[in-house]
Amino acid sequence: MPTTICTWNINSVRLREPIVLKLLEEQQPDVLCLQECKAMVDLIPTENFAKLGYSLIARGQKAYNGVALLSRIPMEDAGHRDFVGKKDARHVAGRLENGVTIHNFYIPAGGDVADREVNEKFGHKLDFLSEMQDWFATDTPEKSILVGDLNIAPREDDVWSHKQLLKVVSHTPVEVDALDAVQKSGNWVDITRKDIPDGQLYSWWSYRAKDWALSNKGRRLDHIWATEDISNTAHSSRIYADARGWEKPSDHAPVFATFDF
DNA sequence: ATGGTAGGTCTCCTA
């Protein structure tokens with residue numbers, strides 16, 4: 001059975017309920033993983049999602065962060081982890097009936113300055129990545145998918161200008177190395193790049209551009225990974241950039257992967 | 001080199 005997973009940083013699930021419904025109706029993913037819901041769990045509008053057959057597993061907080069799984073196939077809550085000693089709703093996991101675990105992450109953005117001595121948000125980001133690395137090294141994931149807004153564009157062709165972004169948070173060598181270490185520690189395979197190995201690929205375009213599509217200064221911040229035991233069942237991936245141009249859009253586009261479990 | 005937009009909200013913090 002093909003199973004389609006989608007990840008999308010929604011930047012307020014309440015404000016963007018209409019386009020979440022549009023995506024569910026139009027694309028019918030089996031599981032939609034959201035980040036930056038920016039709401040307590042009981043304030044997430046579930047009624048219309050349920051009408052389309054989607055149930056909710058979420059972790060939330062007021063105004064910031066928040067991650068959710070909307071699934072139209074049976075899924076149980078597989079818990080969450082609080083990273084760097086904060087209860088800031090940046091991770092939640094769900095488990096499908098076939099035993100596949102889906103981890104949904106919202107890694108800290110890291111602020112503006114790529115130096116932990118002067119910017120504690122950058123330190124928080126690096127500590128978060130380090131804790132992810134330790135966790136996956138200690139507790140090796142199997143039959144797992146990891147998705148989310150990882151806030152790092154690792155490859156030269158994951159950004160509009162490698163040279164101009166080398167010192168910009170999201171594409172600095174220290175972050176890229178840390179993300180690589182996380183990937184290696186859990187034996188994760190980058191499914192999007194396995195399916196689409198060549199060419200520029202972006203999932204985020206700033207709100208600040210006059211014309212995001214024309215200037216096309218994007219970055220691939222949103223990722224779908226899988227452990228090696230199921231990575232060979234992945235057969236297609238896409239980034240649905242059209243959604244960046246929808247009414248009242250998120251600044252992120254949905255990223256899709258389909259697996260034959 | 002600078003400033004640009006957006007969301008949620010203890011009118012400023014985060015991205």
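The nearest whole Å value for the distance from the CG atom in Asp149(A) to the P atom in dT14(B) is 17 Å. Rounded to whole Å, the distance from CD on Glu120(A) to C1' on dT14(B) is 13 Å. Rounded to whole Å, the distance from CG on Asp112(A) to P on dT2(B) is 14 Å. In this structure, Arg219(A) places its CZ atom 13 Å from P of dA15(B), rounding to the nearest Å. What separates NZ of Lys121(A) from P of dC13(B) is a distance of 9 Å, to the nearest Å. Rounded to an integer number of Å, the gap from CD1 of Ile107(A) to P of dA15(B) is 13 Å. Separating the NZ atom of Lys167(A) from the P atom of dA1(B) is a distance of 11 Å, rounded to the nearest angstrom. With rounding to whole Å, Asp251(A) atom CG is found 17 Å from dT14(B) atom P.
Looking at heavy-atom distances under 4.0 Å, Lys210(A) makes no contact with the nucleic acid at all.
Within 6.0 Å of the NZ atom in Lys194(A), the count of heavy atoms belonging to other residues, nucleotides or ligands exceeds 12. The 12-atom threshold is not exceeded at CG of Asp112(A), counting heavy atoms of other residues, nucleotides or ligands nearer than 6.0 Å.
Within the structure, every pair that satisfies the salt bridge (charged side-chain N to carboxylate O under 4.0 Å, His left out) test and touches residues 129-154 of chain A, not counting sequence neighbours, is listed here: Arg81(A)-Glu131(A). The salt bridge (charged side-chain N to carboxylate O under 4.0 Å, His left out) pairs that include a residue from residues 56-70 of chain A are Arg59(A)-Asp77(A), where partners are two or more places apart or lie in different chains.
Cluster partners of Leu43(A), by chain and number: Met40(A). The rule joins Ile, Leu, Val, Met, Phe, Trp and Tyr whenever side-chain heavy atoms lie under 4.5 Å apart. Cluster note: Leu15(A) groups with no other residue, as no ILVMFWY side-chain heavy atom lies under 4.5 Å from it.
Taking the C1' atom of each, dT11(B) and dG7(B) are spaced 14 Å apart, rounded to whole Å. To the nearest whole angstrom, the two P atoms, one in dT9(B) and one in dG3(B), are 29 Å apart. dT14(B) and dC10(B): their P atoms are spaced 14 Å apart (whole Å). On the C1' atoms, dA15(B) is 14 Å away from dG4(B), given to the nearest whole Å.
For Asp242(A), there are no side chain to side chain donor-acceptor pair (under 3.5 Å) partners two or more places apart in sequence or in a different chain.
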N/O to N/O distances under 3.5 Å, protein versus nucleotides 4-7 of chain B:
unit_1: dG4(B); atom_1: O6; unit_2: Arg208(A); atom_2: NH1; d: 3.3
unit_1: dG4(B); atom_1: N1; unit_2: Arg208(A); atom_2: NH1; d: 3.3
unit_1: dT5(B); atom_1: O4'; unit_2: Tyr207(A); atom_2: O; d: 3.2
unit_1: dT5(B); atom_1: N3; unit_2: Arg208(A); atom_2: NE; d: 3.3
unit_1: dT5(B); atom_1: O4; unit_2: Arg208(A); atom_2: NH2; d: 3.4
unit_1: dG7(B); atom_1: OP1; unit_2: Arg16(A); atom_2: NH1; d: 3.2
unit_1: dG7(B); atom_1: OP1; unit_2: Arg16(A); atom_2: NH2; d: 3.3
unit_1: dG7(B); atom_1: OP1; unit_2: Lys248(A); atom_2: NZ; d: 3.4
unit_1: dG7(B); atom_1: OP2; unit_2: Lys248(A); atom_2: NZ; d: 3.3
unit_1: dG7(B); atom_1: O3'; unit_2: Ser12(A); atom_2: OG; d: 3.4

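Proximity of Lys62(A) to the phosphate of dC10(B): a side-chain N or O atom is located under 4.0 Å from OP1 or OP2. Taking 4.0 angstrom as the limit, Arg90(A) places none of its side-chain polar atoms (N or O) nearer than this to OP1 or OP2 of dT14(B).
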